[in-house]
Structure formats: C-alpha cells, structure tokens
Amino acid sequence: MAALGVDVNVGNDDGESNAAIKVPERVLRRDQARLEEAERRRNAKESQTVTEEKSDFFTSTFNDEKTTVEEMLYSCNHNDRDKSQNTLEEATLKIQQLQKFFNDSMMFLTQYEIRQAQASLQKLQSSLAEKRDELLPKKKFAFRSKNTGASKQPTPDQQTSDKSDAAGTVVVDAAVSVYQCGFSNADSQVLIKQAEEIQQRDVLLSHLTNCKVRLYGCPSTVHIKNVRGCEILSGPVSSSVFVDQCTDSTLSFPCQQLRTHNTTATRIYLHVTSRAIIEDCHGVQFAPFAWSYPGIEDHFKVAGLDPNRNNWREVDDFNWLAAGTPSPNWTVIPEAERICSWDVVGQESLQL
C-alpha cells in the first residue's frame, strides 16, 4: 500500500516546475513538532528571563523599603513625642505599601522568597507595635456586662473568669499586656477586641468553647487553636491565619494566606489573596467572606489586601494528591445555606 504523503512542486534554476515530489506526512508532522517544540522552548526561556528580572526587582525594592522602615523606627525616641508619632504614622503607611507590593508580586516569587518576605513583614509589624507601645502607650479598655448593667468595671481577674449568667451573655475585658493579644480558656462568652487594641499585632485565640469572637481591626497574624462550637469573625489580616484543632465552628476573615490543620465540621467564610491550605481536615466548608463593620474598607488598606481579589475556592489539600479529582475533605457551602447577616455585638459596649 502506498504511503500517505503530500505533493510538493520543486522548481529548477530556470524557474520551470519539475514533477511533484511526494513528502511523507510523518516527515511533515515531525518537522511541525520540531518547530513547535523550538517555539515552546523560546517562549519558556523568555518567560523565565522576565520572571527572574521581576524577582530581582522585587528583592531589591523590598529590601530597600524594609531598611528605610527599620531606620525610621530606630530614629524614634522619647525626646520628641510629636515627631515620633508622625514617624510612626509614616512607618505604618510604608509597611502597608510594602505589604501590597508583596501581595501583588507573589505570582512570580519562589516559595523561599515568599517565606522570607512574610517573615520580614511580620518582624516589621511587630517592631512597629512594640515601638508604638513604648512611645505612645494606649489606655486600656473594658467592657460592661450587658446582662447586669453594672457601671463598675471588672478587675483583671474578674475579666478572665466571668461566665455568662442565666440571662446568657457576658462581654469580657479586652485589655491585655503589650506582648499578648487574644483570648484563652473561655466558655460561652462574647469576646471582643477593637481596632485600637489590635494595631497589627499577632492575635492568639485558644481553648475556647461556645464563644462568639469579634476582632474589629487589622491583626498581623491570627492563630486559632483548640476551639469548639465557636463563631470567630475578624477584620483583614495582613499575613496568615493559622487554624489548628478546630471543631464545629464558623470562621470568617480576609487574609493573605490560610493554613488549616486537624479541623473538622467547620465553615470558613474566606477572603484570601493567595491560596488556602488544609491538612488532616475533614468536613470543612468554604464560602466567600461575608462580614462587614464600620471602617473595614480602611482596614483592607492597612492590611495591604485587594478587596477585589479573592481565591476562596482555591484550596490545596495536602492529604489529597489525586490530580483532577476533587478532595473529599472540603466542599463549598451552598448559596442557600450561607450566612448573610451576623449578630451585631461588641461595639456598643465599649467603655473608656
């Protein structure tokens, strides 16, 4: 049987056409594949070059801005309070801009570069908070007990030990030391922090049962550990939220990255600019972030998060490596079952 081919006319030097020559199709396919592979390699090389140039630009710019902020914080002292306050405000703005620059650059950075930048940003935010506490200490805040109507503010010991009475709700004091921000070892309480108390600090929420938590501000990171039956809502988080050993709870927050471990039967209303990661989790459900409070738009800016960029459905399960097959450990909350409005608690209870 004759081989399949394509007729090609070949001309001589005088411009006259000779008889057609049959070129086998396999030869044509091979040549076409060779050309396509060469084009692919050229595009890949060009793309790699552009990526490397972008990465080098990011590293250089990021380090220069980081050094500038460090020098600004170092220059603050007790001798000139007004000048220090202005410097801290400028440093806060620069950190916000640096956070946004990092978020916008993540797509072409390596995992090592991302971890290094996250660590540097967290260190800057911690240094800023410590310097602010040192030079511009804030008054402590306390909350009244809603169900008793008492005018006397509770003592620190009472604030950590108060439980809800027969009427149901107690709001506890949110004042903590400058080195700690969060709540631990509480049962059936409403726990609230205002923006003035958070100020881009790391927040720890641990060993909570049947509690409602409201963070009306912009944390640097949030750690949620050993919670059961809780409803935790947070304002925009500059870097990461870490969840570990969470059961039968509802969480809602915007963040740059989410890492969830050892969590079951938990619903997460998420705004995330990178990707969410789960590990050793079962029955976790996701929906887009759906909480709001006065000032949250400004807090998105403070956190350096793009409110229009939300990858809440992009979830990586480290226990599920089957490509092309959805993980059975997480699902999307059906629209009809999503929470559209949340209880308003906390802000009206703030007392100086």
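Residues: numbered from 1 along the sequence shown.
Counting all heavy atoms, side chain and backbone alike, I296 lies closest to S292 at CG2-OG, 3.7 Å. Nearest heavy atoms, N310 versus V272: OD1-N, 3.0 Å. What you find for F58 and A117 is that their closest heavy atoms are CZ-CB, 4.2 Å. Of all heavy-atom pairs between W320 and P326, the closest is NE1-O, 3.4 Å. Closest approach of M72 to A91, counting heavy atoms only: CE-N, 3.5 Å. Q257 and R275 get closest at one heavy-atom pair: CG-O, 4.1 Å.
Taking CG of L191 as the start and CD of E231 as the end, the distance is 12.0 Å to the nearest 0.5 Å. Distance check, rounded to the nearest 0.5 Å: CZ of F242 to CG of L258 gives 9.5 Å. Summarising the geometry, atom NZ belonging to K225 is positioned 11.5 Å from atom OG belonging to S184; distances are rounded to the nearest 0.5 Å. Atoms CG and OG, on L98 and S238 in that order, are 11.5 Å from each other to the nearest 0.5 Å. With rounding to the nearest 0.5 Å, the separation of OG in S120 from CZ in R115 is 13.0 Å. Separation of atoms CG (L215) and CD1 (I198) is listed at 4.5 Å; rounding is to 0.5 Å.
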Determine, step by step, whether N86 and K83 satisfy the side chain to side chain contact (heavy atoms under 4.5 Å, CB included) criterion, reporting the C-alpha distance in whole Å, the side-chain angles of both residues, the deciding distance to 0.1 Å, and the verdict. CA-CA 5 Å; N86 292 334; K83 181 179 179 181; 5.6 Å; no
For S252 and F289: C-alpha separation, side-chain torsions, deciding distance, then whether side chain to side chain contact (heavy atoms under 4.5 Å, CB included) applies. CA-CA 6 Å; S252 184; F289 177 72; 3.2 Å; yes
CA sep, side-chain torsions, deciding dist, call: V69, T67, side chain to side chain contact (heavy atoms under 4.5 Å, CB included): CA-CA 5 Å; V69 174; T67 300; over 6 Å; no
Could you walk me through whether I277 and F318 pass side chain to side chain contact (heavy atoms under 4.5 Å, CB included), step by step? CA-CA 7 Å; I277 295 172; F318 281 6; 3.7 Å; yes
Please report the C-alpha distance between S239 and T221 in whole Å, then the side-chain angles of each, then the deciding distance to 0.1 Å, and finally whether the side-chain hydrogen bond (donor to acceptor under 3.5 Å, both in side chains) criterion is met. CA-CA 6 Å; S239 53; T221 62; 5.1 Å; no
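At distances below 3.5 Å, at least one donor-acceptor pair connects side-chain atoms of E113 with backbone N or O atoms of T110. For the pair S60 (side chain) and F57 (backbone), a donor-acceptor distance under 3.5 Å is absent. Without hydrogens or angle criteria, E197 side chain to Q194 main chain gives a donor-acceptor distance under 3.5 Å. Side-chain atoms of N311 come within 3.5 Å of backbone N or O of T273 as a donor-acceptor pair. The main-chain N or O of E196 is found under 3.5 Å from a side-chain atom of Q199 such that the two form a donor-acceptor pair. When atom types are taken as modelled, the side chain of W342 and the backbone of A290 share a donor-acceptor pair closer than 3.5 angstrom. Formation of a donor-acceptor pair under 3.5 Å by the D317 side chain with backbone atoms of N329 is not found in this model. A donor-acceptor pair under 3.5 Å is formed between the side chain of S249 and the backbone N or O of T247. Checked by atom type and distance alone, the side chain of S84 pairs as donor or acceptor with a backbone atom of N77 at under 3.5 Å.
Between F253 and Y269, the gap from one ring centroid to the other reaches at least 6.0 Å. Residues Y216 and Y293 bring their aromatic ring centres within 6.0 Å.
D280 and N319 share a donor-acceptor pair across their side chains, judged by distance under 3.5 Å alone. No side-chain N or O of H261 forms a donor-acceptor pair with one of D244 less than 3.5 Å apart.
In this structure the side chain of L270 reaches within 4.5 angstrom of the side chain of C255, judged on heavy atoms. The closest side-chain heavy-atom distance from K193 to R214 is not below 4.5 Å. In this structure, L73 and L88 have side chains that are in contact, with non-hydrogen atoms separated by less than 4.5 Å. In this structure, the side chains of V302 and P236 stay at 4.5 Å or more apart for every pair of heavy atoms. Q285 has its side chain out of reach of T250: every pair of non-hydrogen atoms, C-beta onward, lies at least 4.5 Å apart. Contact annotation: the side chain of T87 never approaches that of E90 to less than 4.5 Å [non-hydrogen atoms, C-beta and beyond]. The shortest distance between side-chain heavy atoms of H223 and V203 does not fall below 4.5 Å. Side chains of F102 and Q256 form a contact here, defined as non-hydrogen atoms less than 4.5 Å apart.
Contact check on K212 versus D343 returns a salt bridge, with a Lys/Arg side-chain nitrogen under 4.0 Å from an Asp/Glu carboxylate oxygen. Taking 4.0 Å as the cut-off between side-chain N and carboxylate O, R267 and E337 do not count as a salt-bridged pair.
Around atom CZ of R313, no more than 12 heavy atoms belonging to other residues, nucleotides or ligands sit under 6.0 Å away.
Tested against C218 for a side-chain contact (heavy atoms from CB on, under 4.5 Å), the candidates Q200, R201, K301 yield a single pass: Q200. For the side-chain contact (heavy atoms from CB on, under 4.5 Å) criterion with C246, the lone passing option out of I232, T264, T260, T266 is T266.
For K131 and Y74, the positive end is not near the middle of the six-membered ring at less than 6.0 Å and at most 45° from its axis.
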